[in-house]
Amino acid sequence: MPELPDVEVFRRRLDAVGLPAEVHRVRVLDDSLLRDLSRQRLAKALNGQALTATRRHGKHLLVAVKGDGMLVLHFGMTGSLLHQTADAERPAHTRVELWLADGSVLRFVDQRKLGHLALTDDLDSYVAEHDLGPDALQLSRAELTELLHARRGGVKSALMDQAAIAGIGNIYSDEILFQARVHPKADAAGMDDRTCGRVHRQLRRVLQLAVEREADPTRLPRTWLLPHREDGAPCPRGEGTVRKMQLGGRGVFYCPTCQPRP
DNA sequence: AGTACCACCTGACGGC
DNA sequence: TGCCGTCAGGTGGTAC
């Protein structure tokens with residue numbers, strides 16, 4: 001699930017709790033998301049402390065903790081963040097809970113346990129340590145063009161490379177390229193300025209609209225590729241047929257008619 | 001530098 | 001019904 005739009009939805013959900021919000025107690029139901037962070041360190045960092053502000057960089061959500069430091073949430077493939085009342089039933093696969101002073105609870109749910117939690121001092125050092133590129137929505141057209149021209153290899157790989165651009169994954173890279181009518185394997189460096197401009201425009205449009213619709217696939221336009229990710233499905237533009245190919249072991253969907261090989 | 005492949009996890013689905 | 005392979009919106013390590 002979680003690419004930039006999903007994580008932005010989680011961020012807004014956390015903001016809507018009403019910050020600052022005091023953490024009454026941390027409850028870890030499954031250690032595996034903590035990785036090298038101990039329960040004790042997490043509890044010490046959060047118990048009795050207030051969450052004061054949220055930031056998002058790419059697919060990472062960072063929450064400032066009063067005093068110092070930030071809590072980092074990464075959602076892997078199946079992670080999500082919920083804010084629930086005390087009497088709400090705990091969803092399956094809930095891994096960590098932050099019980100707040102007002103009696104409500106933030107729940108980190110992650111079926112496949114590929115997400116993780118971490119602590120860091122500040123956003124900039126976290127971004128540097130983890131070699132993350134600029135956030136996808138912060139990139140200007142000129143910056144994106146320069147970045148694409150500096151790469152060897154295909155444009156989809158470039159869009160998905162978190163060290164180049166942070167926030168775009170398999171689903172939304174397919175959508176951006178479908179909307180921009182660019183073949184996923186088009187040579188990034190060989191794309192002319194007009195084409196790069198189209199990718200930039202669609203990158204912003206796709207991600208922003210997805211955020212507006214709360215990254216809910218059922219609320220996204222039927223004309224998008226996203227609801228038609230099936231080999232042989234009719235292209236939602238009406239002409240071609242959606243095809244599936246492999247790239248680095250992942251399924252890539254595109255329309256050969258709309259997105260011809262250059 | 002880019003790409004392929006495996007590993008980390010769990011669950012859903014289709015075929016037999 | 002049960003078993004098995006495959007696949008899933010991510011990422012890190014490794015090898016070419």
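Proteins get letters first, then strands, A, B, ... in listed order; numbering begins at 1 in each. In this text the structure is predicted, and so the values were computed from the model without any measurement.
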Inset, instruction - Just compare B/dG2, C/dT11, C/dC7 and give me whichever is closest to any side-chain atom of A/Lys59. - result: C/dT11

Legend entry - Under the 3.5 Å Watson-Crick or G-U criterion, the dot-bracket string of DNA chain C, with | for inter-strand pairs: .|||||||.|||||||

Inset, instruction - Give a yes or no on whether the ring-centroid distance for A/Phe10 and A/Phe75 is below 6.0 angstrom. - result: yes

Legend entry - Within 6.0 angstrom of A/Arg205 CZ, more than 12 heavy atoms from elsewhere: yes

Inset, instruction - Send over the distance from A/Leu247 CG to B/dA4 C1', rounded to a whole Å. - result: 10 Å

Inset, instruction - Please determine, by modelled atom types, if A/Thr94 and A/Arg107 share a side-chain donor-acceptor pair under 3.5 angstrom. - result: no

Inset, instruction - Please state the P separation for the pair B/dC9 and C/dG2 - nearest whole angstrom. - result: 27 Å

Inset, instruction - Give one of base, sugar-phosphate or nothing for A/Gly115, where a contact means two heavy atoms less than 4.0 Å apart. - result: nothing

Legend entry - Euclidean distance, atom NZ of residue A/Lys156 to atom P of B/dT3 [Å, nearest integer]: 12 Å

Legend entry - Nearest-Å distance for atom pair CZ/P, residues A/Phe75 and C/dT11: 12 Å

Legend entry - Plane angle bin for A/His60 and A/His74 - parallel if under 30°, tilted between 30 and 60°, otherwise perpendicular: tilted

Legend entry - Rounded distance in Å - NE2 (A/His130) to P (C/dG10): 18 Å

Legend entry - Side-chain (A/Gln162) to main-chain (A/Asp131) donor-acceptor, under 3.5 angstrom: no

Legend entry - Any donor-acceptor N/O pair, A/His24 side chain to A/Asp102 backbone, under 3.5 Å: no

Legend entry - Pair A/Gln208, A/Glu212: side-chain N/O donor-acceptor within cut-off below 3.5 Å: no

Legend entry - Within 6.0 angstrom of A/Arg201 CZ, more than 12 heavy atoms from elsewhere: no

Inset, instruction - Using the side chain to side chain donor-acceptor pair (under 3.5 Å) rule, collect all pairs that involve residues 143-157 of chain A, keeping only residues at least two apart or in two chains. - result: A/Ser140-A/Glu143, A/Arg151-A/Asp161, A/Lys156-A/Asn170, A/Lys156-A/Ser173, A/Lys156-A/Asp174

Inset, instruction - Could you check how far CG of A/Leu159 sits from P of C/dG10, rounded to whole Å? - result: 13 Å

Inset, instruction - Please measure how far the P atom in C/dT6 lies from the corresponding atom in B/dC5, and state the result in whole Å. - result: 14 Å

Legend entry - C/dG10 to B/dA1 separation - P atoms, rounded to the nearest Å: 23 Å

Inset, instruction - With heavy atoms under 4.0 Å as the rule, sort A/Lys185 into base, sugar-phosphate or nothing. - result: nothing

Legend entry - Spacing between A/Leu132 atom CG and C/dG12 atom C1', to the nearest angstrom: 13 Å

Legend entry - Short N-O contact, A/Lys66 and A/Glu22, less than 4.0 angstrom: no

Inset, instruction - Would you mind telling me which residue lines up with the more 5' stretch of DNA chain C, A/Phe253 or A/Arg35, judged by nearest nucleotide? - result: A/Phe253

Legend entry - Per A/His74 side chain, nearest of listed nucleotides B/dT3, C/dT11, C/dG9: C/dT11

Legend entry - Selection from B/dT3, C/dG9, B/dG2 that lies nearest to any side-chain heavy atom of A/Arg152: B/dG2

Inset, instruction - To the nearest Å, give me how far apart CD (A/Gln162) and C1' (B/dG2) are. - result: 16 Å

Legend entry - Nearest-angstrom distance from the residue atom CG of A/Asp161 to C1' of B/dA4: 15 Å

Legend entry - Protein proximity profile, nucleotides 6-14 of chain B - base contact B, sugar-phosphate-only contact S, no contact -, cut-off 4.0 Å on heavy atoms: --BBBS---

Inset, instruction - Under 4.0 Å between any heavy atoms, over every strand shown, what does A/Asp6 touch: base, sugar-phosphate, or nothing? Just pick one. - result: base

